[in-house]
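Structure record follows, encoded as structure tokens.
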2 protein chains.
Amino acid sequence: MQAGTQVALRTTEDRPVDALPLVLVVDDDPDIRASLTDMFNSVGMDTLVFASTAELLKHDMPDRPSCLILDLRLPGSSGLDLQARLAEDGVNIPIIFITGYADVPTSVRAMKAGALDFLPKPFREQELLDAVAEALRHDRQRRLNDSERNEVRVLAESLTPREMDVLRGVARGLLNKQIAYELGITEITVKMHRSSAGRKLKSVSVADMVRKVELLSGKSGTAGGGAG
Amino acid sequence: MQAGTQVALRTTEDRPVDALPLVLVVDDDPDIRASLTDMFNSVGMDTLVFASTAELLKHDMPDRPSCLILDLRLPGSSGLDLQARLAEDGVNIPIIFITGYADVPTSVRAMKAGALDFLPKPFREQELLDAVAEALRHDRQRRLNDSERNEVRVLAESLTPREMDVLRGVARGLLNKQIAYELGITEITVKMHRSSAGRKLKSVSVADMVRKVELLSGKSGTAGGGAG
DNA sequence: GTCCGACCCATACTTCAGTATGGGGTCGCC
DNA sequence: GGCGACCCCATACTGAAGTATGGGTCGGAC
């Protein structure tokens, strides 16, 4: 809780309390922007509207639970383009498409590219609200996972290369002796690196180290043979 | 490799070699069934066709890389019904919908329910072949993950309840001493269960145990705090 | 009743992990 | 040239893990 000096409702620049959800809207129709803003505000959600994809891209992605409502047809680059662009940039915000010109191949393409929902206009308010609720649920979960991984990543940045070498050995279930042999150093030195790495990662137990190393290295998680 | 006495090409009952992919087709149109069969056979894939969902459900799910091509409109229960039914039963075979009566909400619904693709008829052969190739790629990966988890599950079946208790403690990074306290037994007994469990799971290292226990218990994987 | 498996405990010993203390070297930077 | 980082090694010790050997209770299967 770092509640600062300002009330954080409907502000966009500083970093508000985490729980307040934000809905981003990109639509070229001013009426829709206005009505969606009203609708989401009326249910206690923060909103941020844009008339084009370029406008949204100028903005920083919000650091709180959020989702993106995206019109398919837009001046300049389309909604699908934006979806692709965001994916490239590693932005994982959940996307709900809305469009008046819907056809099956396009909707399928959007869904395959990871969209969470695809609503042809006109739709009932409740449909969109449901979709948004679902999207926010997703985003909250995603942010949880991300923050966990990021915490570890931050801790891991202070590791020296050698400490990382040793950690990988530990995660593979090797004995200090074996790690020492592989690295061409003595067991003592391995212990040194290992305990130092453990301190930096704030892990006391081997179980912890294993999990953290796995989070770092892409979490594939081969539970392969007995390492004996 | 339990290659039986029969050649396993286009047979359906016994369990053929793993690499040969199988395409299941459910469509009420005999012409389509025939042409799809020809098409897939011509590219070296095994095919199995059904005229209705009920027919397919009478069949055992194949134990090899496969995917399901599903007509949306079908006599009796629809393709979406079958999709839901399979999901309920825990059958994860990738599904590609094909249909002549496509509309956006239906396609979106199918995709949200996990379909891999959705092709309105008529489609080009190559489109379907591409989709199938992608689906088989998915299925191979899925089968790999599943088999890994299943191996562990099989090993874990021979564990006694107490051994499982101890293992959970180990995976949480607790000391034998702490596990003993939690279970109300002595450290010696914990060591006994632990080594016995390790033998049954064929894991020599703690790292291995952690991973295997995680595979067993739904793989959420909270790398939480230093465990005291 | 007997056997077996799951559970429990103990003593004794080996190996491994973890820490402390003290020493060495190279490199790059101010 | 000193300072700090990263790297390397040694001896000595504590505590945890792992193994072996021996023993015990209980309940269900044969």
Side-chain angles (χ1 to χ4, degrees), chain A residues 152-214 216 223 225-228, chain B residues 152-214 216-217 223-228:
Chain A
V152 177
R153 220 187 287 277
V154 168
L155 292 178
E157 270 169 17
S158 63
L159 292 174
T160 70
R162 221 42 173 164
E163 283 163 355
M164 201 54 214
D165 289 342
V166 171
L167 268 187
R168 272 189 282 264
V170 172
R172 278 167 55 208
L174 301 181
L175 300 180
N176 287 344
K177 199 185 296 186
Q178 298 172 303
I179 301 173
Y181 178 77
E182 284 198 0
L183 298 180
I185 58 183
T186 64
E187 198 183 333
I188 286 283
T189 310
V190 170
K191 287 184 183 180
M192 208 205 70
H193 288 309
R194 179 171 179 163
S195 81
S196 163
R199 220 173 306 122
K200 288 181 182 175
L201 287 187
K202 297 191 207 298
S203 338
V204 188
S205 63
V206 194
D208 234 53
M209 284 195 196
V210 173
R211 266 191 290 264
K212 284 178 177 165
V213 171
E214 246 162 42
L216 285 176
Chain B
V152 177
R153 222 187 286 278
V154 168
L155 292 177
E157 270 169 18
S158 63
L159 293 174
T160 69
R162 221 44 174 164
E163 284 163 354
M164 202 52 215
D165 290 341
V166 170
L167 267 187
R168 270 188 284 264
V170 173
R172 279 166 54 207
L174 300 181
L175 301 180
N176 288 343
K177 199 183 295 186
Q178 298 172 302
I179 301 173
Y181 178 78
E182 284 198 359
L183 298 181
I185 59 183
T186 64
E187 196 184 335
I188 285 283
T189 310
V190 169
K191 286 185 183 179
M192 209 204 70
H193 288 309
R194 180 170 178 163
S195 81
S196 163
R199 220 172 307 123
K200 288 182 181 175
L201 287 186
K202 297 191 206 299
S203 354
V204 189
S205 63
V206 195
D208 233 55
M209 285 194 196
V210 173
R211 267 191 289 264
K212 284 178 177 164
V213 171
E214 246 161 41
L216 286 175
S217 40

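Reckoned from all heavy atoms, side chains included, excluding hydrogens, waters and symmetry mates. Every chain is numbered from 1 and lettered A, B, ... according to where its sequence line falls, protein lines coming before strand lines. What you see is a predicted model, and the numbers here were worked out from it, not measured in a lab.
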Quick check on C/dG5: is either OP1 or OP2 less than 4.0 Å from any side-chain nitrogen or oxygen of B/T160? no
Testing C/dC16, D/dC7, D/dC8 for proximity to the side chain of A/I185, the answer is D/dC8
Can you tell me how far P of C/dG22 sits from CE of A/M192, to the nearest Å? 17 Å
Using a cut-off of 4.0 Å on non-hydrogen atoms, how would the nucleic acid contact of A/T186 be classed: base, sugar-phosphate, or nothing? sugar-phosphate
Toward the 5' end of DNA chain C, which comes first, B/S158 or B/G184, by nearest nucleotide? B/S158
C/dA6, OP1 or OP2 - any side-chain N/O from B/H193 closer than 4.0 Å? no
Whether B/R168 and B/E182 form a salt bridge (side-chain N of Lys/Arg under 4.0 Å from carboxylate O of Asp/Glu) is what I want to check. no
Taking 4.0 Å as the cut-off, does a side-chain nitrogen or oxygen of B/N176 come that near to OP1 or OP2 on D/dA17? yes
From C/dC8, D/dC6, D/dC9, pick the nucleotide closest to the side chain of A/I188? D/dC9
When B/E187 is tested against each of B/L175, B/N176, B/I179 for side-chain contact (heavy atoms from CB on, under 4.5 Å), which residue passes? B/N176
Is the distance from OP1 or OP2 of D/dC9 to the nearest side-chain N or O of A/T189 less than 4.0 Å? yes
Measure the distance from CD1 on A/I179 to P on C/dA17 and round it to the nearest whole Å. 8 Å
Is the side chain of B/S217 donor-acceptor paired with the backbone N or O of B/V213 at a distance under 3.5 Å, no angle test? yes
Taken to the nearest whole Å, CE/A/M209 to P/C/dG18 is 6 Å
Take atom CD of B/E187 and atom P of D/dG15, then tell me their distance rounded to the nearest Å. 13 Å
Determine the contact category for A/L175: base if any of its heavy atoms lies under 4.0 Å from a base atom, sugar-phosphate if only primed atoms, P, OP1 or OP2 are that close, otherwise nothing. sugar-phosphate
From CG of A/L183 over to C1' of D/dC7, roughly how many Å is that when rounded to an integer? 12 Å
Could you check how far NZ of B/K191 sits from P of D/dG18, rounded to whole Å? 8 Å
Would you kindly give the CG-to-P distance between A/L167 and C/dA17, to the nearest whole Å? 14 Å
A/T189 and A/L183: CA distance, side-chain angles, deciding distance, side-chain contact (heavy atoms from CB on, under 4.5 Å) verdict: CA-CA 10 Å; A/T189 310; A/L183 298 180; over 6 Å; no
